[in-house]
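Just below is one structure, and these are the notes that go with it.
In what follows, residues are counted from 1 in the order of the sequence shown. When a ligand or atom number is given, it counts from 1 through the structure's own listing order. All figures in this text were calculated on a predicted structure; none of them were measured in a lab.
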Amino acid sequence: MKTNSLCFRLTAMTGTILLLCAIALTVSASFNAGKQLTAVAEATPADMSNVTLIPAPAVSVGNVIDPVTLPVGIATVTTAQRRFNLAGITTLLIISILGTGAVYFATKHALKPIEELNKQIITITENNLDERVSETQRTDEVGTLCRSFNIMLERLSNSFSAQKRFSANVAHELKTPLATMQASVQVMRLEQSPTQEEYRQMLDTVERNTNRLRAIIEDLMRLCNEEEQFEKEDISLSDLFSAIFSELTPLLKEKHIQSEINCENYPVVTGSYGLLYRAFFNLIENAVKYNRDGGSITVFSSTERNIGEIFIKDTGNGIPQDELPLIFEPFYRVNKSRSRKTGGAGLGLAVTKTIIERHGWNITAESIVGVGSKFVIHLYKS
Ligand code: ATP
Ligand code: MG
């Protein structure tokens, strides 16, 4: 038996308590017995100093009652007390040893399910996180422990899978621009005497892809950096959206998209200008990218039950209902092949959600396929 095991400690603790109780009982029994015997000895008449007869309980023999007498003396009392004490201590030791043994086996039996649970738990590693410990029908603490442990495993497994997916996606997104640049450089090497125009095209490719790599890395850092502190200031929503639309003018013109800003009902928010610019830029860029030619984008704000709300509405291709909860996950793209044409990594909405939540707000999306989408930011007071 291991001396640091729970079984050993419980046995030692219960055994000690048992021994102390037994000692207390024996001492008290011996004390009481001694007092009674002394009282009996003192009640003996003085003239019958050494030997005396005291009436014992009446014994019935047939119908005749015979008085029976027993001899009792001081020496006899002392011997009897000594014998009583000796018998008491012997019984105490035997009961304590047997009791401690019984406690040990009872504890071992009670802890057996925990021992079995432990054997199952140590076989679970990061490679078989989808395995579960066998849940018993028990309703006691061990049953609850098994179920809680399985719930924890489920969460861990999901989190590990999400991390693996995330790393694979990061690797994939970084690999694509690098491969494009490498291919472009290799093509140039094969040319005997490249023209100025070919050099220019290669440099364009390299520049476009390094910009893309930088944007992905910045987005990833923004997603991971939860501790970053930021200064808050009052921001005019009309000014913020005007700046974003003006940056996106070439894209808007290319797709002949009309834009409208109406933020009079809730004109000012408090937050980080830089972060909110990035968050709303992503939303409006999507509204342009996934819009139809000749479509429109409306941005407006309002107050609903004292909570400010900002709406970004477009007339784009929309998002299927079952995919709406997934679009805020990093690297998630609806209809991957179509989205790939627009060149996105699927990080924009994940970054937007992180920024909005860091301001203590919340973002939701509504959409009807073929009609358009509406993103709503609920501006809770922080
Ligand atoms: P990135 O923003 O990283 O350049 P992305 O635009 O593909 O790439 P998100 O902005 O995160 O990534 O959007 C995720 C997906 O959600 C998009 O690929 C697109 O399929 C869908 N989506 C987002 N906004 C809209 C919208 N306004 N209309 C239709 N689909 C949208
Ligand atoms: Mg986007």
Side-chain angles (χ1 to χ4, degrees), residues 162 165-178 180 208-224 241 244-245 247-248 250-252 254-261 275-300 310-358 362-377:
R165 243 188 354 257
F166 186 80
S167 311
N169 283 325
V170 170
H172 178 261
E173 288 305 322
L174 296 182
K175 215 172 93 186
T176 315
L178 282 173
T180 315
R208 211 176 38 251
N209 283 287
T210 45
N211 281 343
R212 187 159 149 68
L213 280 174
R214 192 172 42 83
I216 293 174
I217 289 165
E218 273 173 16
D219 277 350
L220 288 173
M221 283 169 71
R222 219 166 258 137
L223 277 182
C224 301
F241 291 128
I244 295 171
F245 275 116
E247 192 180 333
L248 287 166
L251 216 59
L252 287 162
E254 196 185 305
K255 291 186 88 173
H256 312 101
I257 291 171
Q258 298 292 317
S259 64
E260 190 194 328
I261 304 170
L275 289 179
L276 289 180
Y277 187 96
R278 173 54 42 202
F280 287 115
F281 182 91
N282 290 345
L283 288 172
I284 296 171
E285 188 196 34
N286 282 349
V288 182
K289 276 201 298 188
Y290 306 110
N291 216 322
R292 61 180 162 80
D293 198 79
S296 69
I297 300 169
T298 320
V299 178
F300 60 99
I310 300 173
F311 301 84
I312 290 131
K313 218 174 138 200
D314 66 58
T315 53
N317 46 259
I319 304 159
Q321 287 301 309
D322 55 331
E323 295 194 64
L324 270 179
L326 306 171
I327 54 171
F328 293 102
E329 280 184 17
F331 300 106
Y332 191 84
R333 275 170 287 178
V334 180
N335 191 343
K336 290 193 170 55
S337 55
R338 189 180 59 204
S339 300
R340 200 169 285 283
K341 267 195 273 168
T342 59
L347 285 171
L349 286 181
V351 171
T352 299
K353 189 173 174 2
T354 307
I355 293 174
I356 295 293
E357 286 178 353
R358 288 201 62 203
N362 163 5
I363 180 166
T364 54
E366 296 161 28
S367 192
I368 301 173
V369 175
V371 176
S373 309
K374 186 166 84 178
F375 286 81
V376 188
I377 292 99

Under the salt bridge (Lys or Arg N to Asp or Glu O under 4.0 Å) test, residues paired with Lys255 that sit two or more places apart
none
At less than 4.0 angstrom from any non-hydrogen atom of Gly348, what atoms of ligand 1 do you find?
1 (P), 2 (O), 3 (O), 9 (P), 10 (O), 11 (O)
Atoms listed for the Mg ion (ligand 2) (protein only, N, O or S, under 2.8 Å, no waters) are Asn286 OD1
Side chain or backbone, does Asp219 bring an N or O within less than 3.5 Å of an N or O on ligand 1?
no
Under 4.0 Å from a heavy atom of Asn317: which atoms of ligand 1 are those, numbered in the order shown and with their elements?
29 (C)
Number the atoms of ligand 1 from 1 as they appear, then name those within less than 4.0 Å of a heavy atom of Asp314, with their elements.
26 (C), 27 (N)
With nothing but distance in play, are any N or O atoms of Ile319 less than 3.5 Å from an N or O of ligand 1?
no
Using the test salt bridge (Lys or Arg N to Asp or Glu O under 4.0 Å), find all partners of Arg358 that sit at least two apart in sequence or belong to another chain.
none
Leu178 vs Asn209, test: side chain to side chain contact (heavy atoms under 4.5 Å, CB included). Steps then yes/no.
CA-CA 7 Å; Leu178 282 173; Asn209 283 287; over 6 Å; no
Please name all residues satisfying ring-ring contact (aromatic ring centres under 6.0 Å, His included) with Phe328, sequence neighbours left out, ordered by chain then number.
none
Geometry only, no angles: is Leu349 polar-contacting ligand 1 at N/O separations under 3.5 Å?
yes
Would you check whether Ala350 has a nitrogen or oxygen atom less than 3.5 angstrom from a nitrogen or oxygen atom of ligand 1?
no
Under 3.5 Å, N or O to N or O, is Lys289 touching ligand 1 that way?
yes
List every atom of ligand 1 that sits less than 4.0 Å from any heavy atom of Phe375, numbering the atoms from 1 in the order shown and giving each element.
24 (N), 27 (N)
Ligand 1 atoms in contact with Tyr332 (distance to a heavy atom under 4.0 Å)
14 (C), 15 (C)
Taking only non-hydrogen atoms of Gly346 and a 4.0 Å limit, the atoms of ligand 1 in range are 1 (P), 3 (O), 5 (P), 7 (O), 8 (O), 11 (O), 12 (O)
